[in-house]
Structures are given as C-alpha cells and as structure tokens.
Amino acid sequence: MKVSVTVDGVRYEDDVEPRLLLVHYLRDQAGRTGTPIGCDTTNCGACTVLMNGMSVKSCSVLAVQADGAEITTIQGLANGELHPLQRAFHEEHALQCGYCTPGMIMAAADLLRDNPHPNEHEVREGLEGNLCRCTGYQNIVRAVLKAAGSAEVTT
Amino acid sequence: MTTETVANEVGKARRRKEDARLITGQTNWTDNITLPGMGYVAFARSPHAHARITSVDLSEAKAAPGVLAVFSGADVAAEQGGLPCAWPVTPDIVMPNHPPMAVDTVRYAGEIVAAVVARDRYAAADAVALIDVSYEPLEPVLDMEAALAEGSVKIHDAGNKSFTWPFANGDIDAAFRDAPIVLERTYRQQRLIPCAMEPRAVVCAPVGDEYTMWSSTQIPHVLRVMLALVTGIPEHNIRVIAPDVGGGFGSKLQVTAEEVLALLLARRLGRPVKWTESRSEGNVAVHHGRDQIQRIRIAADADGRLRGLDVDLLADMGAYLMLVTPGVPLLGAFMFNAIYKMDAYRFACTGVFTTKTPTDAYRGAGRPEATYAIEHIMDDLAAHLGVDPLELRMRNWIKHEEFPFTTIAGLTYDSGNYEAATEKARSLFHYDALRSEQAERAAAGATVRLGIGISTFTEMCGLAPSRILGSLAYAAGGWEHASIRMLPTGKVEVVTGSSAHGQGHETAWSQIVADELGVPFEDIKVLHGDTQVSHRGMDTYGSRSLVVGGTALVVACGKVREKARIIAAGMLEVAPEDLEWDAGRWSVRGDPDQGKAIGEIAFAAFAAHALPDGVEPSLDSDATYDPDNFSFPHGTHLCSVEVDTETGAVKIRSYVAVDDVGVVVNPLIVEGQVHGGIAQGIAQALYEEAAYDSSGNLVTATLADYLLPSAADLPTFTTERTTTPSTGNPLGVKGVGEAGTIASTPAVVNAIIDALRPFGIEDIPMPCTPERVWRAIEAARSARAEGAAQ
Amino acid sequence: MISSKFDYVRPDSLDEAVRALASGGDDAKVIAGGQSLMPLLRMRLANPEKLVDLGGLGELRGVRDIGPAIEIGAMTTYYEAGRDYLIRQHCGLITQATATIADPAVRHRGTIGGGLAHADPAGDMPAVITALDATLVVRGPSGEREIKPADFFSDYLTTTLEPGEILTAVRVPKHDGWGYRYEKFNVTAQAWAIVGVAAVARRADGHVAEARVALTNMGSVPIRARAAEAAAAGAEASAAALAAAAAHADEGTSPPSDLRAAADYRRHLARVLTGRALAAAAGAS
C-alpha cells in the first residue's frame, strides 16, 4: 500500500505492507534510527514520537495509519539548537544508557504541550508510559521541571 | 621525586560527553547496523520446558518467501561446540554441555531449536512460524527441593545437583552451643528478569575468514576470547565491537547462543547476518537473576552481640551453567556477615538445575541476596530482643577505628565509617519523629500503618584480585588495562578496557586523565568497546571499572609523565631530578618559568629532532592493573512505608540513602547510579518476579506481565554521601554501580515487616505485592484468633 | 514481535466500513486506535486476515448533547473524552476513569468505542458505562440497534456484535447532581486493574438515595454489584455505613485467579473498594 509520511520535515513516499509498524518504517525505511524499540506490548514507550503534534507509541501504530501524517522524532526536535528538554536532560544527568531517552524526551515534550507548568506529581504521572531501567527517574523529573521553567517551551 | 596531581576535574559535576549523541538520536545501537546483503535471523524456540526433539521439519520454512536458509540443531551440531562456563566452582562440579542450538533435548522453554535467515525481519518471523518441530514432552522440574529429591526426573544425565560449595571460619558449633539466642529463618530470593531497556542484538559480518561482530554486550573482550575457544575460529580473526549498548546490569555479561550462532551462520552463508531480540523473546532467553532459597541461623548473646552465622543456600542454576552462573552465589558467600563482627561463620551453597532459563549475574550478583538475608535477620533479632534495630546494628558493626578489618569471612575491609553514614541518614530521615508517628498509629489501631526499614550494608566490588579469582576457580583474571596516546597536537586518546553501557566512562575517564596530565577535559577522547581499538580489557561488571580501570588510567598517566620528564629535561637541558610537575607542566624547581607543557613535549616526541640518546620518540604508555583487594563501599539506607492493612497496598513515603563510595570522581554519575540502583532494588521488593506455570512456561514474558516501575510508582529519594577514601587504590575510589540495588531491597522489605510486626508477621516473601501483604495479615489475624480461642 | 500478514482497508464512510467488515466474516477485524489490538497482533494472539480501519470516519468522533443524554462517538479518543466539557458536566465518572487508562500516548490513540468493543473485563470503560447505565449504539448490515451493557458484553473479549456490526456511539444518561468515583486498584501505574469499582450515587438528606456500582475484573464481563447497590440505597452517606453496604459487593461475581491476584483476594478488594468508591461518590469524608 502506498503511504506518504512526513518525518522530521521530509516527505517520504513508499509502498509498504499493511502490517509494517510505524517504528519499523521510521527505522528501516526512512532511516531514522534515533527512535528505538524496547518491547512488544506498548509498555516501555521508547518508541514514542509525535504524530500530528501529539505523542504516540510508534510500535502501536501501523505505517499505513500514518499516511498523510506529520511525524516528529527525537532527531527532528532540535531546530539548529537543542530543544530546552534536550538541554535540560543533559544538564540534569537525566540519562545513562540513553535507550529510553528519545521516547522519554518526546513524551515529556507532549506533556509540556498539554500542561506547560506541571508539578512533580504531574510530571511523574505524565511519564508513566515511559520505562527507564537506569536512572530511577529522579533526574528525568528534575529535567522536565527545569525545561518547564524555561521561557521557550514549545514542541 | 613524587608528583601530585591537582584535582581540578575529579570531583566536578561534569555533564557527560556521551549525551550529545544520545539526546539527539544519533546513536549507534546494534540494531541500527545495516550491511549490504545482510540476512535477518529469527530463532524458533522450544515451547516445552523439558522434551526430546523427535523431528524437525524445515521444508515449509525453506520454501517461504525471502528465506535464505534454515538450520536445525542437527545442521550445526558438528561446529557449534558448547557455550562456556568460566567458573567451575568445585573440582567435581556437574557442568553439562550447553549447545547453542538444541539437538535432541530441550531443557527450558525458550531454548533455541532452529534458525531462519531471511531477507528482512518480517519474512524471517513468518518463516519461523512454518518450522515444524515435534517433541516428546518430558516432565518439567521446577522446584529446587523436588529436583534434589530421590527419584526426581533427571534434567541432565549426571543429575540435578551441580555442586555444593562450602566455607567455614571459626568454631561454628561453639558459637551456637549454649547461645542464649538462636534464630532460624528461611527466606526466598525470587527469580528476576534484568530487563535492560535495549533488547539484545547481534550483527556478524564475514570478510574471507575474518569476522566482525557487533553485539549489545558488556564484555567485548571476554566475548572475543570465548568465541574463539567455542568455535575454533582463530582469535586474531575475530573482532568484537560493543557499539552503543542500552543498559546491561549483568544481563549482557554473557556468551550467548545467539552470538555463537550468528557467527556460525555468517560463516556458513558468507554474508552478514543480524539478529534483534524482541522483548518477549528476551524475557525467556536472557539469563535470569537471583533465585535462591536461603536457610539462615544466627546465634547471639543476650545483649545482641553476634556469636555466629550459619547459611545454607539452594541456588537455582536453571537448565545449564552459563558464563558465571555457579559463581554468582559465591560472590555473596563472603557477604552474609556483612558489616558485623562475629566469632564464627559457615556457608554452604548447592547449585541445582531446573528446567528454567539459566541464571547468571544480575546487578549485585550474589551480594544483594546476602545483604537481604543478613539485614532481614538482624531486624528479626532486634525484634526478638526488643532492641531498636539501629542500636543492634551499632552494637555489632566494625567501628571506624578498627579499619582495616579482616572479617570472619576472610576479607579485609580497607576503610569505612558506618557511624558517620548512619548518623547522617538518621538525621535526614527524621528517624525519631517517624518512630513516634509509628507508635501513635499502632496505638490507635490505624488502618494504615507506618513501617521503618533499615539497611546498613557494605559490598565487595571492584572485581577483582586475579589471584583470589584463581583461588575460587574462576577462569579469567580481574585486571584492567588503559593505554594513553599523546597526539602531536596535544590532544589525548585514552584507550580503556572498560566497556560502558550507561556509566559515563567517557566523561569520568576524561576527568581523571585531565587531572593526571594537566590536559583540558575537552582535549581528551576515550575509546572503548572495540577489540581492535581497545586491544586489552576485562570489560565492565561488578562495579569494577572505576576502581580497576580508573587505577589503570592513573598508572598509565604516571608513566606518561615520567617519559615526558625525561624529554622535557632534554629540552630544558637540565637533569630530570631538577624538574617538578604542576598542572600539566614540567618546570625547573625554583625557576617555574623554565618549563615545558605536556603538549609541547608531545610534539617534541613526535618530531623527535633532539631527543636524549636512547629515548623512544613517544610518550604513549599503557598499564595493566591488577587490584590487591576488593573495594568496599558502604552505606545506610532508611525507608519508611505506609501499609494499607485493608488492601495490602504499600506506598513508600520516604527514602534516604547515605552512601560512602570513597572519593567521588563525578557526583552526578554517582548520584545517578544510586538512584537507578535503588529503583531496581525497590522493584525487586515490590513488583518483580519471573513466574512460571506448572508446565514450566514463563508467564511473565512481556512487560505487561513482568511489572517494572515507572516514574509514577517511585518516590523522590534523598541521597547524600560520606567520604571515607579507599586505601586500596591511588584514586581512593570504591565503585557504586551496584550499591543502590544491594541496599534498597532489604530496606523496603524490612520496612513493610516493621509496620506489620504488631500483627505477628515476621516475613513476607518477595515481591511484597498487595495480595501477599494482605494474605500475611489475614493469616496472622487468624493465627492470633485461634491462639486466643485456645 | 511481528504480526501475521493481513489486508487493510480504510473506508471513507460508515456504510463502506459495515460492508467491508461483513464481507470479511470471521476473518475481518475492526482497528480503531489499535492500542488494545496492536499488542495482540504483534504477539500473534490475534491473526485476522483483514483489518478495517475506522480512522477515516470523522462522523464517529465527537461528543454531543442530545437532551437527556450525552452521545459519545465511538471513535472519540480517551484524550478527547477526558477533556470534553459535556462529559465532565454530565457524566464526570468518564472523565475521571479515562485519566486512569494506560498513559498519555496510548490515550491519544485509544478510543472509547475500541475499549468497549474489545470487551476485556480488566479494561476500565466497560464497568464505567455499565455503572452509568449507558446505551450502546450499533450499526450493521441490517441497520441500527441499541444495546444495554448487560446485553452487549457477553463473555471474555466477546460482545454480542453480529458479523459486520460496528459500535458507533455510546449514549450516556446525564447524571447531573450525582457523585461519582472510579476506584482502580493496580500494582503499578501501568498495570491492569486487579479490581476496579465504578460507582455513581445520588444523595438526598445526608443519605444515599440511589447508587449504581459496576466492577472491573470480577468476572468475564463487567458486573453490577446489585447487592451493594440495594444496601447502599437509603444508607447514611458515611464511610462506615457505606463500607457496611459494600459487604456483599462481590455477590454474583466470579473473579478470576491469575498472575495478578487470586479470586478470594479480588473478592475482598471488591468489598473494600466498593465501600471506598461509594463513600467518595456520596461525598462522605
């Protein structure tokens, strides 16, 4: 089936199997390997991207369902400069191995779109769909709160 | 002629060099790698825990679209050898052959029985579904005690017991004889699934008879050696690269069937192959952690002074012994006595086979199990005596003035200060106020009870002095290697044998070298993970990299400085003894303007125009450091929980960790390791268990069933430090990677039991789910009611 | 893991969707948000030959005030429902419950209709609409019909939808003035409810005039806790009285024993949580 998907500002047109997962399309066909896969059951959130501006788990969307959509991955978040969330994750040591980080940042970006000034509880709840095995989340929460304090928080 | 480095970088909260690629998605995970002509591998795995393979029909799979080749165990039997176990802990250990692909018998659900190589991952998955394997099911063996019983089904011809390993020091019988108090307990360490966030992946590319393997591994060097030994392919024809690796926690400290088979398939087909694990595959196929039944007896005087400790473990090996499987419980053997003094200690561990996924190292590897048992029984002892549990610990621990101290288990702890860490933790935790609140709630018969859990731990890490490993029958050494390359323009390449997978070595090693050589942090590049680049190493696990790898750096840098001294002396036309080192410069004592910076000296070595006679034109140096001793970080963790006695729900109200990891190189990295370690230990206490059904199938095969906590499930931790430098290495560091996990599990479980002791509860088997907590309360209530009725 | 192959159509109209589904018979399945279906496909627990994607049917999205009830289009996402003013005003139990479902990314895709048609008794929406005594609107080859929850959920993952029928909307009676509470008990935030209690209560003179309680994961379908409802009617709006009323909340249920919990524990939880949910719904402290 033919699909046309815009990924990080670039339009891709491809012929895909209906069962092709969006995350596999992004990684294997569009070459956007910045978005990883961490599980089979929509739990871990490592594959989180923005689809038409809202977070989705790209392992749980078919590429054919993304026909005509605009996808933003971790690789499309910065605009020449690092996004405030990327800077905050770096400053607050909110990553160790980095595998959950793309999904965590994209989920956090969506959280701040929806709620620009969350408190700690709201950040923790807002990130409940993203698992990390390295950091214990504490610095991640700090980073999101820091980025929220920033004046330039937009997705 | 001593030189001292000025610590400008060590101790700084440097942001990490690794982050740049990780926060922008410019990562190099093994699954990213795509090579021309690459075939995708998928494995068929046994659905049975124990069965004979009666036939394997590959015909439909071979004919499926996009399939390049399909193999059964018979097809690879001649060349696949057996997966190695590098730790035969006893001379008479039963160590059955472990074929990467099962040929006639499967012994755990998930064991590989066939492999497909196809043109894309979807075709490979479809073809695997067409492989038809017939089995004659055999009885699974899922319980260790049943496995050891007379008449049990034999998993291996030589029986279900792999080994018994004993240790004793002191007169244990005397310690227990006439002891005023003897407590006997049985605790359960449940089986865990490490669940690093990156599922494993392997790529193997052949070029003639040379092979490059990329693998999501913690051990590229060890893997290379082992692949050579297992397959017979000459070691110098194998290159192993660990690219970016998304977490390990011991789960990627392994020589796996998938890696060996990828190598064999690449050789067979003459083309690159890639295998990427799915999470549900990994839950059955990655080695599991922990899984012990612990019988423990403690003898004490009436005032609580410990006389002796007697430990008897059953450790579940799973179906086969993998790389260090039998040695994991032994790492805990020296830790049950923990921070306490006592007259006698006896330990025995029996390794038992079951028809389950093999176990092996998982964060802490033997030490969390030991710490859990001793900290739990110390609380039990305190309750029995009616003594505050912190007070009981204080009566028995090694005092600050007594270091270095040789314990009853024969280890010499170099330094420590349990008093300082505990005092700090107690104050941050508001210990007295919480005890008051606890008492009030209990007196009022409140539905929600408060509990306080304590964990005063030490651990042995910085693995390890090679001669001790040898004495324990471990096949490899415990040294680490570093190589410093001084580039002509003054930049520095640091080649380390460590293999980070999230620990921030690129940053921390840069900090160390910056101080040792007086070179700017930004001018240093750390190279690791590729056996062609980092030609020597013993890799990363056991909280060893900073202690052993960091010391190797220091030693190598010292050699660089000395080489530079000689060349600088030549440049300045003075005697080498007349020079002193300060912040990257050799200068004439008493005339500091007369000096040469190390960068200038490096260029002079490169040009080599005027070097003193006999001096090599190079500052490059390396060092292989073998530690003399383990290192012993310690700490005090305090946890308060609220237990809803109506539902059994447990909520952590506060968590304080005061850890002493010696000198701190990078406080951000240390704190991050503590946070992550605590989270994993809490998860063992409350959420995780690798559960099997009665047929031997893993029912927690996905993250929907094997519960990992998210940010919404964990509290904010208060983490602080005390600093008691290690006397065992020039940096004074102790290692921190596993400490948080070792400490936290008993802190949480002790807290829950502390809340419920008024009900007569003394233990709740982990994970302490709401149901288990509720059931314990109900059982205790019934027992009380029955007791009252009599 | 990777799903089996399937064909895929994305109809532009409801009629086209009904036809596509009917022609596929047992081998065709609807995909809405996909958040329940995708894991089943990837684990090869579901292997349909054709997927009919309702994502193009804008007519099935949105919330309308139809007088005595609020009509929620089946393709309305949990995110949209959670933010909807009409829902919050007139049947806020749904607002509260959707916030407990999975996580934000899943709620951006998952739909009210999808969760209901999937009919997992461990899912939250089935009990919620049962407690609200909603009506499910279904369109099929033989036209439109309305079904009450007790007649819609027939078994584990099974509804009474005939081949070719699509759930198009849920009509929820306005519950103005009623208190509500969805009490969800799970081990971790991501985990399925071990037990969930959806309670709505109407107060009069410091007493509960009327209550409806439906239970998540106490059987193969959502179950009304009728004994507890009867006991609550007329009871004082206090925690103690409503805890007592909840003593028989598990009557008529057949809770599963599974990895998460044994049946007796579920029964106990149902009783305790029903008391708490009723107390919260009744505004008792």
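Computed from a predicted model, the values in this text were never measured in an experiment.
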Which atoms of [X] approach chain C - backbone, side chain, both or neither, heavy atom under 4.5 Å:
{"X": "Glu128(A)", "value": "both"}
{"X": "Met1(A)", "value": "side chain"}
{"X": "Leu20(A)", "value": "neither"}
{"X": "Met106(A)", "value": "neither"}

inquiry  = I'd like to know if Lys50(C) and Asp27(C) make a salt bridge, using a cut-off of under 4.0 Å between side-chain N and carboxylate O.
reply    =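 Looking at Lys50(C) and Asp27(C), the cut-off is not met.
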
Exercise for the section: Flag the one option from Gly55(C), Pro104(C), Gly33(C) with the top tally of heavy-atom pairs under 4.5 Å to chain A. Expected result: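 Option with the greatest count: Pro104(C).
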
Looking only at Ala99(C), Ala189(C), Gly34(C), the option with the highest number of non-hydrogen pairs under 4.5 Å against chain A is Ala189(C)

Side chain from CB out, backbone as N, CA, C, O: work out which of these in [X] comes under 4.5 Å of a heavy atom of chain A, or both, or neither.
{"X": "Ile31(C)", "result": "side chain"}
{"X": "Leu37(C)", "result": "neither"}
{"X": "Thr188(C)", "result": "neither"}
{"X": "Ile2(C)", "result": "side chain"}
{"X": "Met43(C)", "result": "side chain"}

Of the listed residues ([options]), which shares the most heavy-atom pairs with chain C below a 4.5 Å separation?
{"options": "Val61(A), Asn130(A), Leu127(A)", "answer": "Val61(A)"}
{"options": "Cys59(A), Gly126(A), Cys39(A)", "answer": "Cys59(A)"}
{"options": "Asp67(A), Leu111(A), Thr48(A), Leu62(A)", "answer": "Leu62(A)"}
{"options": "Thr41(A), Thr42(A), Asn43(A)", "answer": "Asn43(A)"}

Look at atom CZ of Arg64(C) and say whether more than 12 heavy atoms of other residues, nucleotides or ligands are closer to it than 6.0 Å. no

Go through the steps for Gln190(C) and Asp103(C) under the test side chain to side chain donor-acceptor pair (under 3.5 Å), then give the verdict.
CA-CA 7 Å; Gln190(C) 281 198 359; Asp103(C) 57 70; 5.0 Å; no

Per side-chain contact (heavy atoms from CB on, under 4.5 Å), Met75(C) is matched among Leu167(C), Ile112(C), Thr168(C), Thr111(C) by Thr111(C)

Answer whether the closest heavy-atom distance between the side chains of [X] and [Y] falls below 4.5 Å.
{"X": "Arg10(C)", "Y": "Val64(A)", "answer": "no"}
{"X": "Ile101(C)", "Y": "Met125(C)", "answer": "yes"}
{"X": "His90(C)", "Y": "Val172(C)", "answer": "no"}

Pairing donors with acceptors under 3.5 angstrom, does anything connect the side chains of His108(C) and Ser55(A)? yes

- Go through the steps for Thr35(A) and Arg27(A) under the test side chain to side chain donor-acceptor pair (under 3.5 Å), then give the verdict. CA-CA 7 Å; Thr35(A) 301; Arg27(A) 291 180 57 73; over 6 Å; no

